[in-house]
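Structure first, then comments.
Atom set for the values below is all heavy atoms of this structure, side chains included, hydrogens, waters and symmetry mates excluded.
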Amino acid sequence: MATIDALTHIGLPDLIRLQADARALKLPSARPVRTRQAGLQRSPQRGRGMAFAEVRQYQPGDDIRSIDWRVTARRQAPHTKLYEEERERPVLLLCDLGQTLFFASAGAYKQVRAAQVAGLLAWLALWAGDQVGGIVFNDRELSVLRPARRKKSVLRLLDTLADQQRQPGQNTDQATAPSPAHGLDQALAEARRVAHTGGRIFVISDFLGISEDTGTLLGALVRHNSVSALRIVDPLELTLPDHGRFAVAGPEGPVWFDAGNARFQAAWREKVDAHEARLEHCFRTSGVASARLFTGDDPAVALKPLLGPGGRIG
């Protein structure tokens with residue numbers, strides 16, 4: 001059984017141990033890669049490389065060094081070996097650890113799930129031979145780790161994920177902390193500066209703090225990269241219980257509400273529906289693929305169906 005601390009905060013050792021959960025998953029290619037760096041991602045372009053593609057009859061202009069002499073002798077006509085050029089692809093993980101993610105009514109806190117998802121994707125990308133980088137942010141700070149294809153870079157990213165989570169009993173200065181919207185938009189703007197053309201970007205957040213600029217910032221990333229939004233959701237954020245009194249932590253202490261109050265239920269539903277519509281419009285107009293992961297879900301299980309052929313998140 002998980003301890004309370006394990007449900008509210010995840011440390012570096014547990015993020016490192018996610019390697020075991022990541023072994024059954026595979027991070028797919030998102031789209032034809034435009035970069036010309038050597039690596040382990042295949043592209044449709046034919047050329048000299050490490051991955052054999054096919055043998056076809058010799059054509060004028062083919063490199064004579066690629067002639068397959070055995071096939072040529074057997075078929076009595078020159079035949080050439082073709083190869084798929086292998087490429088590496090930068091993967092950038094934007095992970096939101098703001099104050100709205102220090103919450104859960106079921107399973108683990110949203111910040112734990114966000115860090116776990118980022119950790120799983122980081123290990124998968126590293127094993128695929130990709131460059132791995134991240135932008136980790138909360139209400140106070142934003143850390144940029146540029147993509148690199150080294151285990152040391154993944155460990156730095158995991159250490160940053162562990163360090164920037166809030167912990168039980170930790171005090172925050174509400175007067176000086178930036179809003180969640182400012183944190184997300186700032187991270188998206190930074191991603192545009194850091195991301196390489198043709199990269200794979202995952203934005204991991206609860207998206208409770210989207211602003212008027214969020215869709216534009218996402219759209220700017222989509223123009224040159226494949227972008228997916230992984231939304232961490234607690235069930236209580238979508239549907240209230242039918243009855244009962246509950247307390248939710250607020251800046252000035254616990255806030256009590258009566259779930260059986262019809263007017264309160266109607267106001268809550270109106271607010272939830274408005275945010276859902278706004279968020280759906282943001283993703284649709286920016287061209288970002290999105291998926292939800294609930295706080296009660298096992299991240300490795302939830303990610304598996306999302307990493308299908310073509311790299312699209314359904």
Side-chain angles (χ1 to χ4, degrees), residues 1-10 14 18 21 94-121 138-139 161 165-168 180-181 183-184 202-210 214 228-251 253-284 288-307 313-314:
M1 180 179 295
T3 64
I4 295 298
D5 287 346
L7 297 177
T8 59
H9 180 274
I10 184 169
D14 288 324
L18 287 174
D21 294 328
L94 277 64
C95 188
D96 184 356
L97 298 175
Q99 61 185 359
T100 61
L101 286 97
F102 191 69
F103 172 76
S105 66
Y109 273 31
K110 290 191 288 181
Q111 68 171 11
V112 172
R113 296 305 189 213
Q116 288 174 323
V117 168
L120 286 167
L121 292 173
N138 57 27
D139 304 300
L161 290 169
Q165 295 170 61
R166 286 188 61 190
Q167 299 192 42
L184 177 59
F202 291 90
V203 186
I204 307 163
S205 175
D206 59 5
F207 294 96
L208 289 181
I210 61 171
T214 305
S228 296
L230 294 173
R231 181 184 173 197
I232 312 298
V233 182
D234 184 83
L236 193 63
E237 294 169 344
L238 300 180
T239 306
L240 291 177
D242 293 333
H243 55 81
R245 284 178 55 80
F246 300 89
V248 178
V255 177
W256 287 88
F257 65 89
D258 181 4
N261 185 301
R263 292 180 62 186
F264 181 82
Q265 281 275 7
W268 180 270
R269 174 47 51 196
E270 181 179 355
K271 182 176 181 180
V272 168
D273 289 346
H275 177 73
E276 291 296 307
R278 187 181 178 202
L279 188 57
E280 193 277 334
H281 179 265
C282 174
F283 290 152
R284 186 181 69 253
V288 170
S290 65
R292 292 193 301 195
L293 186 150
F294 285 91
T295 53
D297 293 340
D298 180 331
V301 174
L303 277 179
K304 191 171 184 178
L306 306 182
L307 300 175
I313 295 181

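If you run side-chain contact (heavy atoms from CB on, under 4.5 Å) between Gln111 and each of Leu97, Asn138, Leu161, only Leu97 comes through.
Contact check on Glu276 versus Arg231 returns a salt bridge, with a Lys/Arg side-chain nitrogen under 4.0 Å from an Asp/Glu carboxylate oxygen.
No donor-acceptor distance shorter than 3.5 angstrom exists from the side chain of Asp21 to the backbone of Ala300, with no hydrogens or angles considered. Although no hydrogens or angles enter the test, the distance criterion places a donor-acceptor pair under 3.5 Å between the side chain of Arg113 and the main chain of Asp297.
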- request: Kindly indicate, with the supporting measurements, whether the criterion side chain to side chain contact (heavy atoms under 4.5 Å, CB included) is fulfilled by Ile204 and Leu293.
  value: CA-CA 10 Å; Ile204 307 163; Leu293 186 150; over 6 Å; no
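Annotation: the span from Leu303 atom CG to Asp298 atom CG amounts to 9.0 Å, rounded to 0.5 Å. How far CG of Asp96 is from CG of Leu101: 5.0 Å, rounded to the nearest 0.5 Å. Residue Leu238 holds its CG atom at 5.0 Å from CZ of Phe294, rounded to the nearest 0.5 Å. Interatomic distance, Trp268 CH2 to Leu240 CG, rounded to the nearest 0.5 Å: 5.0 Å. Distance CZ/Phe207 to SG/Cys282: 8.0 Å, rounded to 0.5 Å.
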Throw together a table of side-chain donor-acceptor distances under 3.5 angstrom for residues 103-110, partners on residues two or more places apart or in other chains.
from: Ser105; atom 1: OG; to: Asp234; atom 2: OD1; distance (Å): 3.2
from: Ser105; atom 1: OG; to: Asp234; atom 2: OD2; distance (Å): 2.5
from: Lys110; atom 1: NZ; to: Thr100; atom 2: O; distance (Å): 3.0
from: Lys110; atom 1: NZ; to: Asp206; atom 2: OD2; distance (Å): 2.9
from: Lys110; atom 1: NZ; to: Glu237; atom 2: OE2; distance (Å): 2.4

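A pairwise comparison of heavy atoms in Pro241 and Gln265 identifies O-NE2, 2.7 Å as the closest pair. Nearest heavy atoms, Ala114 versus Cys95: O-SG, 3.7 Å. Nearest heavy-atom pair across Phe264 and Asp258 is CD2-O, 3.9 Å. Scanning both residues, Pro235 and Thr295, for their nearest heavy atoms gives CD-OG1, 3.6 Å. Across all non-hydrogen atoms, the minimal contact from Gln165 to Val112 is OE1-CG2, 4.2 Å.
In this structure, Leu230 and Arg292 have side chains that are not in contact, with every pair of non-hydrogen atoms separated by 4.5 Å or more.
Taking His281 as the reference, Arg284, Thr285 meet the side chain to side chain contact (heavy atoms under 4.5 Å, CB included) condition, with sequence neighbours excluded.
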